[in-house]
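Counting starts at 1 for both ligands and their atoms, in listed order.
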Amino acid sequence: MNLTVFGIGYVGLVQAAVLAEVGHNVLCVDIDAEKVERLNQGLIPIYEPGLEGLVRENHAAGRIKFTTDTIQAVKHGRILMSAVGTPPSEDGSADLKYVLAVAEVIGREMEEPKIVVSKSTVPVGTCDKIRSTIAEMLKARGREELTFDVVSNPEFLKEGSAVGDCMKPDRIIVGTSSDETETLMRELYAPFSRNHEKMIVMDVRSAEFTKYAANCILATKISFMNEMSGLAERLGADIEEVRKGIGSDPRIGYDFIYPGLGYGGSCFPKDIRAMIKTAEGISFDAKMLKAVEERNAEQKSILFEKVNRYFKGNLKGKVFALWGLAFKPNTDDMREAPSRTLMEALWQAGATVQAFDPEAMQECQSIYGQRDDLLLYGTKEAALRGADALLIVTEWKSFRAPSFDLMRDALTTPVIFDGRNLYDPKVIARHGLEYHSIGRKAA
Ligand code: NAD
C-alpha cells in the first residue's frame with residue numbers, strides 16, 4: 001500500500017521503517033530539510049536499537065523514501081499519516097500548530113480521496129479540528145467534492161524499544177466510525193496481527209482519549225511509587241523490598257513501580273500537563289493528575305537535595321561524576337530528563353559535572369554547548385576520576401555491575417548517590433563506599 005508519513009521524528013521514522021519492512025511503500029516528509037538530506041545519505045538522526053539497519057535496508061530496497069516535497073507527499077499516499085510533534089504551549093496545553101499545518105497542506109494539495117491518520121498524541125477533539133481545517137481548504141479551492149476521512153490512531157511505542165514495540169504492538173487503537181476506513185486500516189496493519197487480532201476499533205474521541213489515559217495511569221504509577229519511597233525512607237523501610245512485595249500481586253504487577261528520579265522524556269510530562277489543561281478547559285478539577293505532576297517535579301530534585309545536604313550546602317568548586325544523561329536507557333533523548341534538572345541545580349550551586357552516557361553525549365553537547373562546568377568523558381570510569389561523588393541518573397545496563405573498587409579509588413570522597421537503586425547497599429558497604437539511594441536508608 002502507498003503510505004505517506006508526515007514528521008520523521010521518533011514516532012514517524014520508526015513507524016515508517018516498520019511499515020516499509022512489511023512491504024508498504026512509504027514516503028516520509030518533513031519540514032526539516034537537513035534531516036531529510038541526512039536520511040537520504042543513510043544517516044539516522046536518533047538512536048533507537050535496531051532502527052539504523054531497518055531504515056538503511058528499506059531505503060536501499062526503495063520501500064522508504066524521504067522528501068520535503070509536500071505536493072509529492074500528499075499525492076503519494078492513499079493513507080496520509082501525521083506523526084508531527086505536539087509540544088506544550090506556554091500554558092501547558094498541547095500546541096497543535098504542526099498538526100494543523102499538516103491538515104492545511106493536505107487540504108491544499110489533495111486531488112483524490114484520502115484517509116488522514118492522526119498518530120500524534122492530541123487532545124480529544126483534535127481530529128474534528130483536522131477535519132474542519134481540511135474541509136475549509138477544500139472549500140476555498142472549490143473542491144468540496146473530494147472526500148476524506150480522519151482517523152485517530154495513537155502511538156504507544158516506548159523510546160528505547162520502539163522498533164520492537166511497533167513490530168509487535170500490544171494493541172493498535174483505531175478511532176473511526178466508517179466501515180470503509182476500518183477496512184483500509186485493517187489492511188495497513190494486517191501484518192502485525194498475524195498471531196492474534198491487535199486492532200481495537202472505537203470512536204474517534206475515545207481513541208484520542210485512550211492515549212492520554214494510558215500515559216496518565218503510567219505516570220501515576222511512577223509518582224505513586226516515588227511517594228511511597230519518600231515515606232519508606234522516613235519510616236525505616238526499604239522500598240526495594242516493598243516493590244517486590246507489592247509487585248508480586250498480579251493486580252499490581254512489577255512494571256512501572258520503580259522508585260527513581262521522576263518521569264521525563266517527550267511524552268509523560270507534556271501529556272499529563274495537557275490533560276490537566278484539557279480538564280481545566282471544561283471546569284473539571286483533575287485532582288489526581290495535578291498531584292502526580294507535583295510529586296514528579298519534586299522527585300526530579302531529590303538527588304540534588306541529598307547531595308546538597310551531604311555536603312552541607314557547600315557545593316561551590318565541587319566536582320560530580322554523573323552517569324546517565326538520557327531520560328531513560330536505550331535512547332539519546334534528553335527532553336525533560338532528570339539529568340537536566342540535576343545538572344542545572346549543580347551548576348547553579350557552583351559545581352562542575354563530569355558526565356558519561358552511552359548514547360546521549362552528543363545530544364547533551366547540542367543542548368548545553370561548550371561550558372567549563374560540563375565535561376563529557378568517553379567511559380564511565382573516566383568520568384569518576386577526581387570527583388567528589390558519583391551520581392547515577394539513568395539505569396543503563398552497563399552501569400549495573402561496575403568495579404566498586406575502582407569507583408572507591410577514583411573518587412575523592414567514596415560516596416555514591418544512586419537515583420535508580422541499581423546496587424545492593426550491603427555489597428557497596430563491603431567495598432568501602434558510602435551509598436545513598438531512593439527510599440532506602442543510607443549505607
Ligand atoms: P519529534 O519531535 O521527534 O518529531 C516530529 C517531527 O515532525 C520533526 O522531525 C519535525 O520537523 C516534523 N514536523 C513538524 N511539522 C511538520 C510538518 N508540517 N510537516 C512535516 N513534518 C513536520 O516528535 P515525536 O517524539 O516523534 O512525537 C510525535 C508525536 O507522537 C507527538 O504527538 C508525541 O506526543 C507522540 N508520541 C511520541 C512518542 C515518543 O516516545 N517519542 C510515543 C508515542 C507518541
- Crowded around E34 CD? As in, over 12 foreign heavy atoms under 6.0 Å? no
- Answer with yes or no whether the side chains of Y189 and N153 bring together a donor and an acceptor at under 3.5 Å. yes
- Salt bridge between E112 and K75, side-chain N to carboxylate O under 4.0 Å? no
- Which protein residues have a heavy atom closer than 4.0 Å to any atom of ligand 1, listed by chain and number? G7, I8, G9, Y10, V11, V29, D30, I31, D32, K35, A83, V84, G85, T86, Y98, V102, S120, T121, E155, L157, E159, K211, S266, C267, K270, R335
- Residues passing the ring pair (Phe, Tyr, Trp, His ring centres under 6.0 Å) test with Y423, sequence neighbours excluded, are F404
- Task: Output yes when E233 and R440 qualify as a salt bridge under the 4.0 Å nitrogen-oxygen rule, no when they do not.
- Result: no
- Query: With the threshold set at 4.0 Å, does a side-chain nitrogen-carboxylate oxygen contact exist between R420 and D418?
  - Reply: no
